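Single-structure report; data block below.
A quick note: this is a predicted structure, and the numbers were derived from the prediction, not measured. Letters go in sequence order (proteins before strands), and every chain restarts at 1.
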Amino acid sequence: MCGRFALFSSPASIVDHLHLDSVQLPAGFTPRYNIAPGQEILVIRNNQQPALLRWGLIPGWAKDEKIGYRLINARAETLWEKPAFRRAASARRCLIPADLFYEWEKTADGKQPYAIRMKTGRLFAMAGVWDAWTDRNTGEVIESCTIITTAAVGSLKKIHGRMPLIVPPEHYEVWVESADYPNVDFQNLLKVSTTFAFELTPVGRRLNRPENDDPTILEPASR
DNA sequence: CCAGACGTTGTT
DNA sequence: GTCTGG
DNA sequence: CCAGACGTTGTT
DNA sequence: GTCTGG
């Protein structure tokens, strides 16, 4: 799955990699090394400025925003069937840029976290969907999103069974242009993403605390 | 018709 | 909101 | 994902 | 164990 990731590339390289027209990233955007569910994450949507949305999808019909704490991931295999995601999947797709994500390997000594980068070292974009929810009491609107997961591939399989679905650059446009391609060939996206090669680095358990958000958590740990 | 769920991961 | 189960 | 709380009454 | 918060 994907329950923690990092995004520390410069705004210029993010804009460049995602072919954004504008260099305008939202106010409050800063380099992050330990992004946790419930926090605001950078998402790219169709014809909109990049924005910070809460990680953890709150469907529009939800009575309580707390449901978002459980909907931090959506399975690619069932995305189009699940009531919580179906609408967002066809109309509200987004890209979530990241420099790396984290997975935990279950071992006899507890859980060993790994930082997982592309072998190329490049920024990449995870597939997501988003929704807007209005608090009936206050009228406050919360925009939120979830990260799509798929079966782990290659070297990742050894430590964990799931991983985020990564969108290849040539599919960025079709993925975010929900209205123009409502039934994008999702299976094809799935297959292409399995060709990525990853590099795994064991890191210290200081990562576990979301408040530890600095580059030192990436220092390789012995295991 | 109304009521109740609506999710993932991992573990059993 | 929309679907499933009763 | 992991960490940390998980409760009430009454008094300060 | 289960839920909430980050």
Side-chain angles (χ1 to χ4, degrees), chain A residues 1-7 28-42 52-92 96 98-117 126-136 141-153 156-166 182 190 198 200-214 217-218 221:
Chain A
M1 78 178 303
C2 181
R4 218 67 84 78
F5 69 98
L7 177 62
F29 176 75
T30 54
R32 296 288 307 278
Y33 298 87
N34 196 356
I35 303 172
Q39 299 178 345
E40 307 254 290
I41 65 177
L42 187 72
L52 294 170
L53 270 57
R54 184 185 298 184
W55 181 9
L57 192 87
I58 310 167
W61 43 258
K63 292 183 187 73
D64 189 342
E65 66 179 279
K66 289 182 178 65
I67 191 174
Y69 285 111
R70 297 196 297 281
L71 306 186
I72 65 168
N73 292 131
R75 291 176 66 87
E77 297 88 336
T78 52
L79 185 72
W80 310 95
E81 304 158 17
K82 300 292 183 182
F85 303 131
R86 219 177 66 158
R87 193 188 194 92
S90 55
R92 294 174 167 178
I96 300 165
D99 285 290
L100 56 86
F101 60 95
Y102 300 101
E103 298 288 0
W104 280 257
E105 178 189 31
K106 267 201 97 170
T107 74
D109 300 326
K111 287 187 161 191
Q112 171 62 51
Y114 288 80
I116 299 154
R117 299 173 177 78
M126 302 183 287
V129 300
W130 66 279
D131 206 347
W133 176 84
T134 305
D135 187 321
R136 291 174 189 191
V141 175
I142 300 176
E143 289 186 324
S144 60
C145 60
T146 191
I147 296 174
I148 298 170
T149 62
T150 188
V153 298
L156 286 191
K157 275 188 289 196
K158 296 187 185 74
I159 62 159
H160 200 82
R162 306 289 297 174
M163 67 173 205
L165 177 61
I166 294 168
L190 253 172
F198 299 100
L200 284 69
T201 310
V203 296
R205 285 177 166 79
R206 230 165 56 79
L207 167 72
N208 291 359
R209 288 172 164 273
E211 59 263 43
N212 293 330
D213 186 7
D214 63 76
I217 60 176
L218 291 173

Say we look at [N] and [M]: how far apart would their [atom1] atoms be, to the nearest angstrom?
N     : M      : atom1 : answer
D/dG4 : B/dG4  : C1'   : 31 Å
B/dA3 : E/dG6  : P     : 36 Å
D/dG7 : B/dC6  : P     : 24 Å
B/dT9 : C/dT2  : P     : 26 Å
E/dG5 : D/dT8  : P     : 16 Å
D/dC2 : B/dT11 : P     : 10 Å

Output yes when a side-chain donor or acceptor of [X] lies under 3.5 Å from a complementary backbone atom of [Y], and no otherwise.
X        : Y        : result
A/Trp133 : A/Ala62  : yes
A/Asp213 : A/Tyr33  : yes
A/Thr149 : A/Met163 : no

Touch class at under 4.0 angstrom, heavy-atom based, for A/Ala36 against every strand present: base

Touch class at under 4.0 angstrom, heavy-atom based, for A/Tyr102 against every strand present: nothing

Of the nucleotides [options], which has the atom closest to the [X] side chain?
X        : options              : value
A/Tyr69  : C/dG1, E/dT4, D/dC1  : E/dT4
A/Thr149 : D/dC2, B/dT9, B/dG7  : B/dT9
A/Arg87  : C/dT2, B/dT8, D/dA3  : C/dT2
A/Arg75  : C/dG1, E/dG6, B/dT9  : B/dT9
A/Pro37  : D/dC2, B/dT9, E/dG6  : E/dG6
A/Pro210 : B/dT9, E/dG6, B/dC6  : E/dG6
A/Gln39  : B/dC6, E/dG6, D/dC1  : E/dG6
A/Arg86  : C/dC3, C/dG1, E/dT4  : C/dC3
A/Thr78  : B/dT11, B/dG7, B/dT8 : B/dT8

Provide, to the nearest angstrom, the distance between the [atom1] atom belonging to [X] and the [atom2] atom belonging to [N].
X        : N     : atom1 : atom2 : answer
A/Arg4   : E/dG6 : CZ    : P     : 13 Å
A/Ile159 : B/dT9 : CD1   : P     : 15 Å
A/Ile67  : E/dT2 : CD1   : C1'   : 16 Å
A/Phe5   : D/dC2 : CZ    : P     : 16 Å

A/Trp61-B/dC6 aromatic stacking (under 5.5 Å, under 30°):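 Given the distance and angle limits, yes, they stack.
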
CD-CG distance between A/Glu105 and A/Leu156, expressed to the nearest 0.5 angstrom: 11.5 Å

side-chain N/O A/Lys82 vs B/dA5 OP1/OP2, d < 4.0 Å: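 It does not, given that no N or O in the side chain of A/Lys82 lies less than 4.0 Å from OP1 or OP2 of B/dA5.
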
D/dG4 phosphate, OP1 or OP2, under 4.0 Å from A/Arg209 side-chain N/O: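 Answer is yes, contact under 4.0 Å.
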
Residue pair A/Trp104 / A/Arg4, side-chain heavy-atom distance below 4.5 Å: yes

